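Presented below is the structure to which this report refers.
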Amino acid sequence: MPDGLIGEMVGAKSPLVAYFSMEIGLNPGVPTYAGGLGVLAGDTIRSAADIRLPLVAVTLLYRGGHFFQRLDEHGTQSEEPVKWVVEDFLKPLDPKVQIELEGRMVHIGVWRYVLSGETGYQIPVYFLDTDLPGNSEWDRSLTGTLYGGDQRYRLCQEALLGLGGVRMLQAVGHRQIGRFHLNEGHASLLVLGLLEEALASVGVDKEPSAAVVEAVRPRCVFTTHTPVPAGHDQFPADMAERVVGARYWRWLQLCGQTQTLNMTALALSCSRYVNGVAMKHGEVSQGMFPGYPVHSITNGVHATTWMAPSFKALFDRHLPDWRRDPLTLRYTVGVPAADIWAAHDEAKRRLIEFINHETNEGFDVNVFTIGFARRAATYKRLTLLFHDLDRLKAIAQRAGRFQLVFAGKAHPRDHGGKELIRLVHQFREALHGHVPVVYLCNYDMVLAKLLCAGVDVWLNTPLPPHEASGTSGMKAAMNGVPSLSVLDGWWIEGHIEGVTGWSIGDRVEACLEPSSGMDACHASALYDKLEQKVLPCFYKDRDHFIEMMRQTIAVNGSFFNTHRMLAQYVNNAYSALDESFSKVLAG
Ligand SMILES: *Cc1c(COP(=O)(O)O)cnc(C)c1O
């Protein structure tokens, strides 16, 4: 980065980028994230702080967090609001703004979280809060729960984030922001705020024209995250008009919204650059949105956040620049195998100790350990591994023992996902005495760190092409843990058979409906791979297994990180072909 970019961001007037996200995983103590989208947002901001990119971020303050998960002995999930002390992490600021929702004035306050990078560069994250005395009960609840409530609640939240967020950035003093990055379509209503700004700057108090809409486009960058149409937020026109009011609804119509308010379509039509989150996802998205060029920038994870202490110490010793420059991890090829195994062994012992403390299952450090943890969404096929229990038992007998660790929350209204968690508990009973299985409660960033680093292989079984990217396998790769995965999302790019892990089945283009045929086919491929390749490699050819761990870090850890990802956003999305931006970059 040129010197011109270096400066104290907190309080700075002209950040280059404002990053908007419905959820952000900043700190394990701040439960305002649900899963991959929020963790990615947090990792992105952490990398921005490390590379001293002038960026600010905006999200909502969820006093009840996502939820705290409890599981009874049958695996039945119940949810409680997460109790956390906002003041312990965030600082309240003075500015207040208002937006009109359903004809009422809603007051919005703001809290600031300050994130510090490797060299002390600070990035502010603003949390909008409507739990203020002047607001109605309903309005006060709007910043209560992440992904809670009905469509109306959701649309009000998105109006707060987008429109409220733009007004708040002005109120706290961040003017003349170069780029607005929409992390998923949830933030699309920020377009209204930008239209307002554009009108104000030409000094007219009238309705925007098509030319004003054109002035907004160079400022927006849109990252889409879902390869299935049902995953894109849509609201009926009458609801949209009621929530944002007749005037703003006319503006949205000018931006192409007529039958419904489609947040993805809105973002597409108002952005200079659109991308999917892996090569394949970019292609699938391009097929879904033929009217717009859709690029790909593959996700990553923040290296120092996700690496276990034992690996951090190892790389501090061997590759002292790795924290600042994770590309350096490519040189892991020169790190002695014995040191890699020792670092893994330590990470594994920490996990096994934790599992035994939590569950009393008597997990054994010497036994091959398979990890599977992610949101219990149906397409992730949490139970694929249990397709044929007899086969599974036979593999354990013939090819070597293994133990399974699971974790993941189901969305409170996802009955299919909750059923899958119960099923894992039933399979656990059925496998008793043959294959030890645990399901750890309340999957979050802390648990993810322990799990991704401490298992011997990371299992991933999504139904293609539903996994836009997936990032937990990248966290595992940072710690030398190879993946055993269906070829979807990032794994299409990260997979080298027998080098960075193993594939389950061949590459298929698409399988949009859950299909039992595909399940049977993938389960059988999974069993074959486990029995013939994975377990023999671990038990009979340990040197090769450790060499795979080394290659996993060298090839995948060095690439699938958010430093590389953000460099691509800077080069391809934020700065492309833009005079004023180049001037700022040149200092
Ligand atoms: C990384 C992470 C995820 C995302 O995992 P995927 O593999 O992308 O599904 C979800 N939840 C938590 C807590 C995480 O740390």
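Order of listing sets the numbers, starting from 1, for every ligand and every atom in it. What you see is a predicted model, and the numbers here were worked out from it, not measured in a lab. One-based numbering along the sequence shown.
- A distance-only check finds no donor-acceptor pair linking the side chain of D43 to the backbone of V301 [under 3.5 Å].
- E80 contributes no side-chain N or O that, together with a main-chain N or O of F68, makes up a donor-acceptor pair within less than 3.5 Å.
- Ring centers of Y574 and H181: under 6.0 Å apart, within the cut-off.
- For an aromatic pair to be called close, the ring centres must be under 6.0 Å apart, and F386 with F406 satisfies this.
- Residues H232 and F289 bring their aromatic ring centres within 6.0 Å.
- The 4.0 Å heavy-atom shell around ligand 1 contains residues G35, G36, V39, W306, R374, K380, Y443, D444, M445, A448, G470, T471, S472, K475, ordered by chain and number.
- Within 6.0 Å of CD in E73 there are 12 or fewer heavy atoms belonging to other residues, nucleotides or ligands.
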